2 protein chains.
Amino acid sequence: MLVVEDEPALLTLLRYNLEHEGFEVGEAVDGEDALLMIEERIPDLVLLDWMLPTLSGMEVCRQIRRNTEAGNLPVIMLTARGEESDRVRGLDCGADDYVVKPFSPNELMARIRAVLRRLRPALSANVLEFGDLVMDLAAHRVSRADGAIHLGPTEFRLLKHLLEHPRRVFSREQLLDAVWGPDVFLETRTVDVHVRRLRQALNKGGGADLIRTVRAAGYALDPEKS
Amino acid sequence: MLVVEDEPALLTLLRYNLEHEGFEVGEAVDGEDALLMIEERIPDLVLLDWMLPTLSGMEVCRQIRRNTEAGNLPVIMLTARGEESDRVRGLDCGADDYVVKPFSPNELMARIRAVLRRLRPALSANVLEFGDLVMDLAAHRVSRADGAIHLGPTEFRLLKHLLEHPRRVFSREQLLDAVWGPDVFLETRTVDVHVRRLRQALNKGGGADLIRTVRAAGYALDPEKS
DNA sequence: TGCCTTTCACAAACCTGTTATGGAAGGCCG
DNA sequence: CGGCCTTCCATAACAGGTTTGTGAAAGGCA
């Protein structure tokens, strides 16, 4: 979290409240400073005063949006100007929210939470991860260590189920129930074959085997050797 | 865009402004009505009055967040209550923004644009882009790598929907609902044919195929090989 | 008529469940 | 401790089935 504010008293107040909520707080005192810090390390969110030395908050916001790396970084504008035309301009220049001074710390925190809640699910709600393995449910894609992996429908469902319960061992019967459905009647060995195909696909890139075979019990997603 | 508001005058005002900005507007007059309409077809955004018959806006908002399908639907609360504790509660129950009556239409529109820009960059612009593909909604034109592309009405709507949710996989049923409307009764294979024509048109210039087929799942706009 | 949409039929691509075989792991007994 | 045996698992190949691509034909609508 980066706070860009040139008034020391307000900066202190903000830092106090933010740290109290568990955020790591970085500070910048003018617009150029802020852009440099963002360049160096992209924060989770930027609190941006409207009136700043060197570069106005609005200009900083525009430059953030123009930058591809940090382009969708959440920005909350902080300002003494409460007039409507300013508010419209603030939002239209790309800020995600706009808080008018004087504000109550509680309201600001609520707005920060709201903005973050909006951002996080968009990035992670439909994604399952395990180690370097990533499954994007919405895009129906699996990748590992930046390499895309192609899976057939059954292997996809199988991996999804394993990812939803990492490290847990499932018997072949449990996997048949969970992945194929409760009404199918298949050889339990069939599971072996699909596990093999899944392993083959997952390890194509050369990583360690992520599926552990538990003799006489079943399989689990778990990279550890024994 | 769904407007949930029990005061007819305000509803009319909102509809006028929203349609003027190019949104399709649906209406609901109480909370239960709203939830039903959302169930049936998920809108791009919900404008939600705080005080409603049958179910309060806050309760509606909570239920929306609880629903997995519509869980990250953008919600803007609309309310006469300007007190801080209410604002905090409103935001914390999951609303993405909170506008106090009386509000100016301009500010509301700016906030809507801000929220949409965050969640669905696609919907706030008049131009949809994906890679070298460009769709101009206003001019109803599509082009790729500087070559104009002619599409029939259905292919246009199909591509528009895919562009609004890039990389996401849609089943044939979902596409029929979203592109043809919720009440049509067509063969799911009809989608294949339109996808094929869309592909043909898009690839005429020789570019890579932008539509990914996901076996047993559907189609997605996504250029990577898989 | 001309364009667009929908359906159909067939072919191609791909996926799936099964089986056969060989190898590994663990237990039992001398 | 070592050898043998049993049980379990990994692998490969295959035949059949399902899903998708494709071309064409029939029907609608302006």
Side-chain angles (χ1 to χ4, degrees), chain A residues 140-142 148-162 169-204 208-222 224-226, chain B residues 140 142 149-162 169-181 183-204 208-222 225-226:
Chain A
H140 242 263
R141 259 170 180 292
V142 178
I149 289 173
H150 177 78
L151 297 177
T154 306
E155 280 80 37
F156 189 91
R157 292 197 309 275
L158 174 58
L159 178 58
K160 173 165 177 258
H161 185 253
L162 294 175
V169 177
F170 292 96
S171 71
R172 292 170 175 72
E173 287 77 11
Q174 288 175 318
L175 288 173
L176 282 174
D177 273 4
V179 176
W180 277 261
D183 307 318
V184 297
F185 177 61
L186 294 175
E187 291 294 320
T188 58
R189 297 266 147 263
T190 300
V191 177
D192 296 30
V193 177
H194 284 281
V195 167
R196 175 185 170 271
R197 289 205 262 254
L198 182 54
R199 273 180 168 146
Q200 203 168 263
L202 258 37
N203 302 343
K204 190 152 290 180
D209 192 358
L210 292 177
I211 299 177
R212 181 162 62 109
T213 302
V214 181
R215 192 180 169 83
Y219 298 98
L221 190 69
D222 186 346
E224 304 187 33
K225 349 262 167 193
S226 101
Chain B
H140 230 258
V142 178
I149 290 173
H150 174 76
L151 296 176
T154 305
E155 280 80 35
F156 188 90
R157 291 199 310 277
L158 174 59
L159 178 57
K160 174 164 176 262
H161 186 253
L162 293 175
V169 174
F170 293 95
S171 70
R172 292 172 175 72
E173 287 78 10
Q174 288 176 318
L175 289 173
L176 282 175
D177 275 3
V179 176
W180 278 260
D183 307 319
V184 298
F185 178 61
L186 294 174
E187 290 294 319
T188 59
R189 293 300 308 277
T190 299
V191 177
D192 295 30
V193 178
H194 286 280
V195 166
R196 173 170 176 276
R197 280 205 286 268
L198 183 54
R199 272 183 170 143
Q200 255 173 1
L202 260 37
N203 302 344
K204 190 150 289 182
D209 192 359
L210 292 177
I211 297 177
R212 179 164 66 110
T213 301
V214 180
R215 184 171 245 256
Y219 297 98
L221 191 69
D222 184 345
K225 344 266 171 198
S226 97

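Quick caveat: nothing in here was measured; it's all calculated off a predicted structure. The chains referred to below are lettered A, B, ... by the order of the sequence lines, with proteins before strands, and numbering in each begins at 1.
At whole-Å resolution of the value, CZ in Phe156(A) and P in dC15(C) are 13 Å apart. The distance from atom CG of Asp192(B) to atom C1' of dT6(C) is 12 Å, rounded to the nearest whole Å. At whole-Å resolution of the value, CG in Asp209(A) and C1' in dT11(D) are 14 Å apart. Rounded to whole Å, atom P of dA26(D) lies 18 Å from atom CD of Glu187(B). The nearest whole Å value for the distance from the CG atom in Leu176(B) to the C1' atom in dT6(C) is 11 Å. Spacing between atom CG of Leu198(B) and atom P of dC4(C) amounts to 14 Å, rounded to whole angstrom units. Nucleotide dT7(C) holds its C1' atom 10 Å from the NE2 atom of His194(B), rounded to whole Å. Nucleotide dT19(D) holds its C1' atom 13 Å from the CD atom of Glu173(B), rounded to whole Å.
The line from CD of Gln174(A) to OH of Tyr219(A) is 13.5 Å long, rounded to the nearest 0.5 Å. Taken from CG in Leu221(B) to CD1 in Ile211(B), the straight-line distance is 6.5 Å, to the nearest 0.5 Å.
A residue-by-residue look at Arg189(A) and Arg157(B) shows that Arg157(B) has its nearest nucleotide of DNA chain C further toward the 5' end. Each of Gly152(A) and Thr190(A) has a nearest nucleotide on DNA chain C; the 5'-most of these lies closest to Gly152(A).
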Nucleotide N/O of nucleotides 12-18 of chain D paired with protein N/O under 3.5 Å:
{"unit_1": "dA12(D)", "atom_1": "OP2", "unit_2": "Arg196(A)", "atom_2": "NH2", "d": "2.4"}

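Of the candidates dC4(C), dC9(D), dT5(C), dC4(C) carries the atom nearest the His150(B) side chain, counting heavy atoms from C-beta on.
Scanning all heavy atoms of the two residues, the minimum distance from Leu162(B) to Leu175(B) falls at CD2-CD2, 4.3 Å. Here the closest heavy-atom approach between residue Arg172(B) and residue Gly218(B) is recorded as NH1-CA, 4.1 Å. Of all non-hydrogen atoms in His140(A) and Arg212(B), the two that sit nearest each other are O-NH1, 3.6 Å.
Applying the 4.0 Å criterion to OP1 and OP2 of dG21(D), one finds that Thr213(B) has a side-chain N or O inside that range. Note on Tyr219(A): a side-chain N or O is less than 4.0 Å away from OP1 or OP2 of dA10(D). Under 4.0 angstrom from either OP1 or OP2 of dG17(C) there lies at least one side-chain N or O belonging to Trp180(A). Residue Arg199(A) places at least one side-chain N or O under 4.0 Å from the OP1 or OP2 atom of dA10(D).
Residues Val179(A) and His194(A) fail the side-chain proximity criterion, which asks for heavy atoms closer than 4.5 Å. Side-chain contact between Ile149(B) and Glu155(B) is absent, with no heavy atoms from C-beta onward closer than 4.5 Å.
In this structure, Val214(A) reaches the sugar-phosphate backbone alone: every heavy-atom distance under 4.0 Å involves primed, P, OP1 or OP2 atoms, never a base.
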